[in-house]
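Each remark here refers to the structure printed beneath this line.
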Amino acid sequence: MFFNSLTFAVFLPFIFVLYWFVFHKTKSSQNLILIVASYYFYSCWDWRFLFLLVFSTFLDYYTGIQIENGATERKRKFWFWLSIGINLGFLGMFKYYNFFAASFSELLNGFGLKSSPFLLDVVLPVGISFYTFHGLSYVIDIYYKRIKAEYNFVDYSLFVSYFPLLVAGPIERATHLLPQVKVKRSFDFEKAKEGVYQMIWGLLKKVVIADTCATYANAIFDHYPSMNSLSLILGAVYFAFQIYGDFSGYSDMALGMSKLFGIDLLKNFNYPYFSRDIAEFWRRWHISLSSWFRDYLYIPLGGSKGSKAMQIRNVFIIFVVSGFWHGANWTYLAWGFLNAVYFLPLLLLKKNRKNMDEVVLRFDLESLKTTGLILYTFVLTTIAWVFFRAKTITDAVLYLKRILVNSVYESQYLTNERYNYEIILMLILFVLVEWNKRTQIEPISGKYSTYKLALCIMAIIAFGTYSDYKEFIYFQF
């Protein structure tokens, strides 16, 4: 069940009515209806994997209590590593086993040793990376005594399985979400209105920006050997906007619909394409994942402390692991590695926390420099996205090589679409709108908000009818 589907358009209002008009009297009844809705939502993907979600929930709930009540450090460590091991074991089996088995087989074949690996014929459970990380952060925080264990199983179950964030985040922390589900929520019309506006803006980013860009990006990436330099550059730019519109659009919808239930989720995107360097980009892109790896991997490894060699090691570990989190493919590892290369000079020169303020442009030389830095950072990011999008590292390298050696900058007709001048104008308009609203709390607010809302709905209807691309990119992670 996709957020942008007609089925969900029926599901969400139905749950909203039950939540506020039938099960609204107590916190427990509110949480129960949301759990039932979440399990139904998840079972729509594949009911057979529902047991995995329930098992993961019970595992971390039980081990969290055992860690807190452990009489000795040895017992606390036992339950801690049991939870970590089982969680990562399931994640590794479903998501990475085939990758390692096939890669090892190819390595043996390279040495002339014939190998036929046993591969699992199983679909990756949707959202497993997200709800696994929810549980991991919860258990880790209990072990290090940052939080207390949750004894109410219903409350904890909702924390893990809450359907707006279940399959593609944001990755919530127990310190932020659990206190909200442990109290009764009261209906707030203004918050609900903000939620509706944010959902519509997120849907526009998905349907109008991401899905339209996907049509062109797919046509170019799938036929890159026959494309000239201009088309390949446009294909990379289209994918950059596709993945941003797709994922940030999902996050906006998740945050918006959560406000309908009186719950606030963590902000996951903060206009990353207006970043002035790669460090700032990663403070603004997929914030919940970046901060998760920072707090639970980078800082424990020593962060930016210690020797230069240790700092370099930590940077490459954090980015390569982040790439590998996205999927079992060498392209994701290359994407993470390339971002580490981008980030490293900033760390070594101690400029990784230079751009912490909000971007401001005026008619002066400093603003011209800032604009150049934003464009430069976008180019670097777009080059890295080529590796993220390509099927193989070879394809990515050949794609970038062809941009440099083809040297033909003429419009090409795409067999499944018209000339794509219109989409360029649309993206320019989108960037201007994003820039204008970057300092606003809500995407559709202020003067003429009703007219803005009407325009967004009209665009969604128009482009939704035109587009055949429906899936969210991050559902595969």
Side-chain angles (χ1 to χ4, degrees), residues 31 34-35 38-39 42 49-96 125-163 165-182 263 265-266 268 286-303 317-318 321-322 324-325 477:
N31 289 352
L34 289 180
I35 290 174
S38 299
Y39 284 172
Y42 193 75
F49 287 126
L50 190 59
F51 86 92
L52 194 61
L53 174 60
V54 175
F55 176 80
S56 178
T57 301
F58 180 79
L59 170 71
D60 296 325
Y61 167 78
Y62 183 76
T63 54
I65 293 174
Q66 295 303 314
I67 292 170
E68 182 171 88
N69 294 330
T72 64
E73 183 62 21
R74 183 177 180 180
K75 287 184 178 180
R76 295 180 74 251
K77 280 188 176 180
F78 169 79
W79 290 108
F80 172 73
W81 287 111
L82 179 68
S83 176
I84 299 295
I86 295 177
N87 274 301
L88 294 182
F90 274 121
L91 187 62
M93 180 179 67
F94 284 103
K95 193 168 183 176
Y96 301 110
V126 66
I128 187 172
S129 296
F130 290 93
Y131 67 73
T132 297
F133 271 38
H134 289 152
L136 286 174
S137 63
Y138 170 76
V139 169
I140 293 172
D141 284 346
I142 292 174
Y143 180 74
Y144 286 104
K145 299 181 180 180
R146 298 165 186 156
I147 61 173
K148 295 288 186 180
E150 176 56 55
Y151 286 80
N152 187 312
F153 185 70
V154 172
D155 292 352
Y156 179 75
S157 297
L158 182 57
F159 159 69
V160 176
S161 63
Y162 185 44
F163 74 88
L165 55 79
L166 178 57
V167 295
I171 300 171
E172 277 287 345
R173 306 289 182 90
T175 52
H176 180 254
L177 184 54
L178 263 177
Q180 296 184 73
V181 304
K182 289 182 67 61
I263 296 174
L265 299 181
L266 294 169
N268 214 18
H286 202 349
I287 299 169
S288 63
L289 179 67
S290 300
S291 60
W292 198 100
F293 278 120
R294 179 198 65 204
D295 294 343
Y296 297 108
L297 184 59
Y298 184 67
I299 292 177
L301 285 171
I317 288 177
I318 195 73
V321 171
S322 178
F324 201 45
W325 176 89
F477 305 136

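The model shown is predicted, which means the values in this text are computed figures rather than measured ones.
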Handout entry: Between Phe58 and Phe55, ring centroids under 6.0 Å
Key = no

Exercise for the section: Check whether any side-chain heavy atom of Val139 lies under 4.5 Å from a side-chain heavy atom of Leu59, and answer yes or no. Expected result: no

Practice task
Rounded to the nearest 0.5 Å, what's the gap from CG on Asn87 to CG on Leu136? Could you check?
Solution key: 4.5 Å

Exercise for the section: Locate the shortest heavy-atom distance separating Ile35 from Ser157; write the atom from each residue and the value. Expected result: CD1-CB, 3.9 Å

Exercise for the section: Compare all side-chain heavy atoms of Thr57 with those of Asp60 and state whether any distance is below 4.5 angstrom. Expected result: no

Exercise for the section: May I ask you to say whether Asp141 pairs ionically with Arg173, meaning some side-chain N is under 4.0 Å from a carboxylate O? Expected result: no

Practice task
Return the minimal non-hydrogen interatomic distance between Leu265 and His176, and the atom names on each side.
Solution key: C-CE1, 3.8 Å

Practice task
Could you tell me whether the side chain of Val154 reaches within less than 4.5 Å of the side chain of Leu158, counting heavy atoms only?
Solution key: no

Practice task
Return yes if some donor-acceptor pair links the side-chain N/O of Ser83 with the main-chain N/O of Phe80 below 3.5 Å, else return no.
Solution key: no

Problem - Tyr296/Phe133 under ring-ring contact (aromatic ring centres under 6.0 Å, His included): CA gap, chis, key distance, verdict - result: CA-CA 10 Å; Tyr296 297 108; Phe133 271 38; 8.8 Å; no

Completion exercise
Smallest heavy-atom separation, Thr132 atom then Ile128 atom, equals OG1-O, 2.6 Å

Practice task
Would you mind reporting whether Arg146 and Ile140 have side-chain heavy atoms less than 4.5 Å apart?
Solution key: yes

Problem - Side-chain H-bond candidate by donor/acceptor type, Asn268 with Ser288, under 3.5 Å - result: yes

Practice task
Evaluate the side-chain proximity of Leu266 to Glu172: yes if any heavy-atom separation is below 4.5 Å, no if none is.
Solution key: yes

Problem - From Leu88 atom CG to Trp81 atom CH2, the distance as rounded to the nearest 0.5 Å - result: 9.0 Å

Problem - Atom pair OG (Ser56) and CG (Leu91), whose distance is rounded to the nearest 0.5 Å - result: 10.0 Å

Practice task
Examine Trp79 together with Tyr62 and report whether their ring centres are nearer than 6.0 Å.
Solution key: yes

Practice task
Output the distance between atom CG (Asn69) and atom CD1 (Ile67), rounded to the nearest 0.5 Å.
Solution key: 10.5 Å

Handout entry: Distance-minimising heavy-atom pair for His134 and Ile171
Key = NE2-CA, 3.4 Å

Problem - Pairwise distance OH(Tyr143) to NZ(Lys145) - rounded to 0.5 angstrom - result: 9.5 Å

Exercise for the section: Indicate yes or no: at least one non-hydrogen side-chain atom of Pro170 is less than 4.5 angstrom from one of Ile287. Expected result: no

Exercise for the section: Would you indicate whether the side-chain heavy atoms of Pro125 and Tyr42 approach each other to under 4.5 Å? Expected result: yes

Exercise for the section: State whether the side chain of Tyr96 and the backbone N or O of Phe324 hold a donor-acceptor pair below 3.5 Å, judged by distance alone. Expected result: yes

Fill in the blank from the handout: Output for pair (Ser291 OG, Ile299 CD1), nearest 0.5 Å, gives 10.0 Å

Handout entry: Residue pair Thr63 / Ile86, side-chain heavy-atom distance below 4.5 Å
Key = no

Completion exercise
When every non-hydrogen atom of Val160 is compared with those of Leu166, the smallest separation belongs to O-CD1, 3.8 Å

Practice task
Under the ring-ring contact (aromatic ring centres under 6.0 Å, His included) rule, what do Phe130 and Trp325 come out as? Steps first, then yes or no, please.
Solution key: CA-CA 10 Å; Phe130 290 93; Trp325 176 89; 5.2 Å; yes

Handout entry: Check: Ser161 main-chain N/O paired with Ser38 side-chain donor or acceptor under 3.5 Å
Key = yes

Completion exercise
Between Leu178 and Asp155, the two heavy atoms sitting closest are CD2-O, 3.9 Å

Handout entry: Atom OH of Tyr151 with >12 non-hydrogen neighbours under 6.0 angstrom
Key = yes

Problem - Validation row, ring centre Tyr156 to ring centre Tyr138 under 6.0 Å - result: yes

